[in-house]
Protein chains: 2
Amino acid sequence: MPVGELATHLPVSRSAVSQHLKVLKEAGLVAEQAAGTRRIYHLNEAAVLALRDQLDTFWDRALSGFQDLVERPPEAKRKRKGHDRAR
Amino acid sequence: MPVGELATHLPVSRSAVSQHLKVLKEAGLVAEQAAGTRRIYHLNEAAVLALRDQLDTFWDRALSGFQDLVERPPEAKRKRKGHDRAR
DNA sequence: ACTAACGGTTAGTTGATACTAACGAATGGG
DNA sequence: CCCATTCGTTAGTATCAACTAACCGTTAGT
(Lines give C-alpha, C1' and ligand atoms only; values in the text may rest on other atoms or scores of the structure.)
Protein backbone atom coordinates (compact mmCIF):
# COMPACT_ATOMS: atom_id res chain seq x y z
CA MET A 1 0.00 0.00 0.00
CA PRO A 2 1.31 3.44 -0.88
CA VAL A 3 2.33 5.74 1.96
CA GLY A 4 -0.19 8.44 1.21
CA GLU A 5 -3.07 6.04 1.07
CA LEU A 6 -1.96 4.37 4.25
CA ALA A 7 -1.89 7.74 5.93
CA THR A 8 -5.50 8.47 4.96
CA HIS A 9 -6.52 5.57 7.16
CA LEU A 10 -4.55 6.77 10.14
CA PRO A 11 -5.01 9.63 12.59
CA VAL A 12 -1.56 11.06 11.93
CA SER A 13 0.20 12.98 9.20
CA ARG A 14 1.66 11.43 6.10
CA SER A 15 5.07 12.51 7.28
CA ALA A 16 4.68 10.63 10.54
CA VAL A 17 3.66 7.55 8.62
CA SER A 18 6.72 7.89 6.46
CA GLN A 19 8.94 8.07 9.49
CA HIS A 20 7.40 5.02 11.08
CA LEU A 21 7.68 3.07 7.88
CA LYS A 22 11.34 3.89 7.78
CA VAL A 23 11.85 2.37 11.21
CA LEU A 24 9.79 -0.68 10.30
CA LYS A 25 11.76 -1.11 7.10
CA GLU A 26 15.05 -0.94 8.92
CA ALA A 27 13.74 -3.53 11.32
CA GLY A 28 12.83 -5.74 8.40
CA LEU A 29 9.11 -5.81 9.18
CA VAL A 30 8.03 -4.14 5.95
CA ALA A 31 9.40 -4.02 2.43
CA GLU A 32 9.21 -1.23 -0.09
CA GLN A 33 8.80 -1.10 -3.84
CA ALA A 34 9.02 2.02 -5.95
CA ALA A 35 6.24 2.61 -8.47
CA GLY A 36 6.80 5.96 -10.12
CA THR A 37 6.59 8.56 -7.43
CA ARG A 38 4.89 6.07 -5.15
CA ARG A 39 6.44 3.85 -2.58
CA ILE A 40 4.43 0.73 -2.12
CA TYR A 41 4.93 -0.89 1.25
CA HIS A 42 4.29 -4.52 1.99
CA LEU A 43 4.25 -6.32 5.23
CA ASN A 44 7.05 -8.81 5.67
CA GLU A 45 4.82 -11.40 7.20
CA ALA A 46 7.54 -13.88 8.01
CA ALA A 47 9.39 -11.25 10.02
CA VAL A 48 6.28 -10.21 11.92
CA LEU A 49 5.53 -13.77 12.78
CA ALA A 50 9.11 -14.27 13.88
CA LEU A 51 8.77 -11.22 16.10
CA ARG A 52 5.70 -12.68 17.62
CA ASP A 53 7.51 -15.90 18.28
CA GLN A 54 10.31 -14.02 19.97
CA LEU A 55 7.87 -12.19 22.18
CA ASP A 56 6.25 -15.49 22.95
CA THR A 57 9.57 -16.93 23.96
CA PHE A 58 10.28 -13.86 26.02
CA TRP A 59 7.04 -14.34 27.89
CA ASP A 60 7.69 -18.01 28.42
CA ARG A 61 11.03 -17.20 29.94
CA ALA A 62 9.71 -14.32 31.99
CA LEU A 63 6.92 -16.40 33.46
CA SER A 64 9.31 -19.24 34.09
CA GLY A 65 11.71 -16.84 35.75
CA PHE A 66 9.05 -15.35 37.96
CA GLN A 67 8.07 -18.81 39.03
CA ASP A 68 11.61 -19.42 40.18
CA LEU A 69 11.80 -16.12 41.98
CA VAL A 70 8.82 -16.52 44.23
CA GLU A 71 9.70 -20.12 44.97
CA ARG A 72 6.19 -21.34 44.90
CA PRO A 73 5.20 -24.89 44.43
CA PRO A 74 4.71 -25.36 40.71
CA GLU A 75 1.09 -25.31 39.71
CA ALA A 76 -0.32 -27.98 37.52
CA LYS A 77 1.15 -27.32 34.13
CA ARG A 78 -1.14 -25.66 31.72
CA LYS A 79 -0.55 -26.04 28.05
CA ARG A 80 -1.10 -22.94 26.07
CA LYS A 81 -4.35 -23.22 24.26
CA GLY A 82 -4.13 -23.31 20.52
CA HIS A 83 -5.33 -20.34 18.59
CA ASP A 84 -7.09 -20.80 15.32
CA ARG A 85 -7.74 -17.84 13.17
CA ALA A 86 -11.42 -17.24 13.42
CA ARG A 87 -12.21 -16.43 9.89
CA MET B 1 10.04 -10.30 48.23
CA PRO B 2 10.81 -7.06 50.04
CA VAL B 3 11.49 -3.97 47.99
CA GLY B 4 15.03 -3.45 49.24
CA GLU B 5 16.02 -7.01 48.50
CA LEU B 6 14.44 -6.87 45.09
CA ALA B 7 16.45 -3.73 44.38
CA THR B 8 19.73 -5.46 45.21
CA HIS B 9 19.13 -7.72 42.24
CA LEU B 10 18.45 -4.91 39.84
CA PRO B 11 20.65 -2.28 38.20
CA VAL B 12 18.59 0.63 39.52
CA SER B 13 18.01 2.41 42.78
CA ARG B 14 15.66 1.18 45.46
CA SER B 15 13.59 4.29 44.91
CA ALA B 16 13.12 3.45 41.24
CA VAL B 17 12.04 -0.05 42.18
CA SER B 18 9.54 1.36 44.61
CA GLN B 19 8.07 3.57 41.93
CA HIS B 20 7.76 0.76 39.47
CA LEU B 21 6.14 -1.46 42.04
CA LYS B 22 3.58 1.23 42.66
CA VAL B 23 2.62 1.23 38.99
CA LEU B 24 2.51 -2.56 38.90
CA LYS B 25 0.38 -2.62 42.03
CA GLU B 26 -2.07 -0.16 40.61
CA ALA B 27 -2.26 -2.27 37.51
CA GLY B 28 -3.00 -5.29 39.65
CA LEU B 29 0.07 -7.24 38.59
CA VAL B 30 1.62 -7.40 42.04
CA ALA B 31 0.25 -7.47 45.56
CA GLU B 32 1.77 -6.05 48.69
CA GLN B 33 1.82 -7.18 52.32
CA ALA B 34 3.22 -5.17 55.17
CA ALA B 35 5.61 -6.94 57.54
CA GLY B 36 6.91 -4.42 60.03
CA THR B 37 8.73 -1.76 58.12
CA ARG B 38 8.96 -4.09 55.14
CA ARG B 39 6.68 -4.31 52.20
CA ILE B 40 6.60 -7.77 50.78
CA TYR B 41 5.58 -7.87 47.15
CA HIS B 42 4.13 -10.85 45.42
CA LEU B 43 3.41 -11.43 41.83
CA ASN B 44 -0.25 -11.69 40.97
CA GLU B 45 0.24 -14.57 38.65
CA ALA B 46 -3.34 -14.74 37.45
CA ALA B 47 -3.17 -11.11 36.37
CA VAL B 48 0.12 -11.56 34.56
CA LEU B 49 -1.22 -14.55 32.72
CA ALA B 50 -4.33 -12.61 31.84
CA LEU B 51 -2.14 -9.85 30.48
CA ARG B 52 -0.31 -12.34 28.38
CA ASP B 53 -3.58 -13.64 27.04
CA GLN B 54 -4.66 -10.15 26.15
CA LEU B 55 -1.43 -9.52 24.31
CA ASP B 56 -1.92 -12.80 22.57
CA THR B 57 -5.39 -11.78 21.50
CA PHE B 58 -4.03 -8.44 20.37
CA TRP B 59 -1.51 -10.16 18.18
CA ASP B 60 -4.08 -12.52 16.77
CA ARG B 61 -6.22 -9.59 15.78
CA ALA B 62 -3.35 -7.57 14.46
CA LEU B 63 -2.11 -10.40 12.28
CA SER B 64 -5.63 -11.09 11.14
CA GLY B 65 -6.11 -7.42 10.36
CA PHE B 66 -2.89 -7.18 8.43
CA GLN B 67 -3.95 -10.15 6.41
CA ASP B 68 -7.10 -8.32 5.41
CA LEU B 69 -5.24 -5.16 4.58
CA VAL B 70 -2.79 -6.56 2.10
CA GLU B 71 -5.49 -8.65 0.46
CA ARG B 72 -3.29 -11.56 -0.16
CA PRO B 73 -4.53 -15.00 -0.77
CA PRO B 74 -4.68 -16.63 2.66
CA GLU B 75 -1.76 -18.90 3.36
CA ALA B 76 -2.29 -22.33 4.67
CA LYS B 77 -3.36 -21.86 8.25
CA ARG B 78 -0.77 -22.53 10.82
CA LYS B 79 -1.81 -23.48 14.30
CA ARG B 80 0.20 -21.93 17.04
CA LYS B 81 2.52 -24.46 18.42
CA GLY B 82 1.97 -25.46 21.96
CA HIS B 83 4.44 -24.35 24.58
CA ASP B 84 5.33 -26.57 27.44
CA ARG B 85 7.38 -25.23 30.26
CA ALA B 86 10.75 -26.78 29.87
CA ARG B 87 11.49 -27.55 33.44
C1' DA C 1 10.26 23.27 -19.68
C1' DC C 2 6.49 23.40 -16.56
C1' DT C 3 3.45 21.33 -13.32
C1' DA C 4 1.44 18.17 -10.04
C1' DA C 5 1.88 14.32 -7.18
C1' DC C 6 4.52 11.62 -4.10
C1' DG C 7 7.28 10.81 -0.25
C1' DG C 8 11.91 11.08 2.34
C1' DT C 9 14.09 14.17 5.45
C1' DT C 10 14.85 17.84 8.81
C1' DA C 11 13.95 20.94 12.61
C1' DG C 12 11.31 21.89 16.32
C1' DT C 13 7.90 20.74 20.02
C1' DT C 14 5.52 17.96 23.42
C1' DG C 15 4.64 14.42 26.54
C1' DA C 16 5.88 10.09 28.63
C1' DT C 17 9.12 7.27 30.84
C1' DA C 18 12.88 6.14 33.79
C1' DC C 19 16.21 7.56 36.60
C1' DT C 20 18.55 9.69 41.11
C1' DA C 21 18.87 12.04 45.56
C1' DA C 22 16.62 13.57 49.42
C1' DC C 23 12.99 13.79 52.76
C1' DG C 24 10.07 11.98 56.11
C1' DA C 25 6.63 8.55 58.00
C1' DA C 26 6.22 3.94 59.95
C1' DT C 27 8.07 0.06 62.43
C1' DG C 28 10.53 -2.31 65.94
C1' DG C 29 14.48 -3.21 69.03
C1' DG C 30 17.25 -1.71 73.01
C1' DC D 1 12.76 7.78 74.24
C1' DC D 2 16.44 7.02 70.91
C1' DC D 3 18.07 4.81 67.00
C1' DA D 4 18.28 2.00 62.86
C1' DT D 5 15.86 0.11 59.12
C1' DT D 6 12.53 0.22 55.52
C1' DC D 7 10.15 2.31 51.91
C1' DG D 8 6.71 5.65 49.84
C1' DT D 9 6.92 10.10 47.89
C1' DT D 10 8.63 14.30 45.78
C1' DA D 11 11.43 17.22 42.91
C1' DG D 12 14.46 17.49 39.43
C1' DT D 13 16.88 15.67 35.27
C1' DA D 14 17.70 13.22 30.98
C1' DT D 15 16.27 10.57 27.20
C1' DC D 16 13.33 9.20 23.74
C1' DA D 17 9.16 8.43 21.07
C1' DA D 18 5.76 10.62 18.42
C1' DC D 19 4.05 14.35 16.40
C1' DT D 20 3.70 18.53 12.85
C1' DA D 21 5.13 21.76 9.29
C1' DA D 22 8.16 22.73 5.83
C1' DC D 23 11.54 21.74 2.38
C1' DC D 24 13.10 19.50 -1.58
C1' DG D 25 14.33 15.53 -4.69
C1' DT D 26 12.09 12.30 -7.86
C1' DT D 27 8.69 10.85 -11.14
C1' DA D 28 5.57 11.34 -14.83
C1' DG D 29 2.27 13.82 -17.71
C1' DT D 30 1.51 17.74 -20.83
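Computed from a prediction, not measured in an experiment: that's the story for all the values here. Heavy atoms only: backbone and side chains are in, while hydrogens, waters and symmetry mates are out. Reminder, nothing fancy here: chain letters follow the sequence lines and each chain counts from 1.
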Heavy-atom side-chain contact between B:Lys22 and B:Ser18 under 4.5 Å: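 Result no, sub-4.5 Å side-chain heavy-atom pair not found.
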
A:Arg52 and B:Leu55, any side-chain heavy atoms less than 4.5 Å apart: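 Side chain of B:Leu55 against side chain of A:Arg52, heavy atoms only: no contact under 4.5 Å found.
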
Can you check the [X] [atom1] to [N] [atom2] distance for me, whole Å?
X: B:Glu32; N: D:dT6; atom1: CD; atom2: P; result: 16 Å
X: B:Arg14; N: D:dT6; atom1: CZ; atom2: C1'; result: 7 Å
X: B:Arg39; N: C:dA26; atom1: CZ; atom2: P; result: 10 Å
X: B:Ile40; N: D:dT6; atom1: CD1; atom2: C1'; result: 10 Å
X: B:Lys22; N: C:dA18; atom1: NZ; atom2: P; result: 15 Å
X: B:Leu24; N: C:dA18; atom1: CG; atom2: P; result: 10 Å
X: B:Gln19; N: D:dT9; atom1: CD; atom2: C1'; result: 8 Å
X: A:Met1; N: C:dC6; atom1: CE; atom2: P; result: 14 Å

Most 5' of B:Leu21 and A:Val12 on DNA chain D, judged by nearest nucleotide: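 On the 5' side of the pair lies B:Leu21.
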
Comparing A:Thr37 and A:Ser13 on DNA chain D - which has the more 5′ nearest nucleotide: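 The 5'-side residue here is A:Ser13.
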
Considering only side-chain heavy atoms of [X], which listed nucleotide, [options], is closest?
X: B:Arg38; options: C:dT20, D:dT20, D:dT6; result: D:dT6
X: B:Ala16; options: C:dG8, C:dC19, D:dT6; result: C:dC19
X: B:His20; options: C:dA18, D:dC23, D:dC19; result: C:dA18
X: A:Ser15; options: D:dT26, D:dT5, C:dT9; result: C:dT9

Base C:dT9 paired with A:Ser18 side chain (donor-acceptor, <3.5 Å):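 A donor-acceptor contact between them is absent.
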
Sugar-phosphate only, base, or nothing, as touched by B:Glu5 at under 4.0 Å among non-hydrogen atoms: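 Since no nucleic acid heavy atom lies under 4.0 Å of B:Glu5, the category is nothing.
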
Heavy-atom closest pair, residues [X] and [Y]:
X: A:His9; Y: A:Glu5; value: CD2-O, 3.2 Å
X: A:Ile40; Y: A:Pro2; value: CD1-CG, 3.6 Å
X: B:Arg39; Y: B:Ala34; value: NH1-CB, 3.8 Å

D:dT30: pairing nucleotide in any strand, Watson-Crick or G-U under 3.5 angstrom: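 D:dT30 is paired with C:dA1.
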
side-chain N/O B:Tyr41 vs D:dG8 OP1/OP2, d < 4.0 Å: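 Yes, B:Tyr41 has a side-chain N/O under 4.0 Å of OP1/OP2 on D:dG8.
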
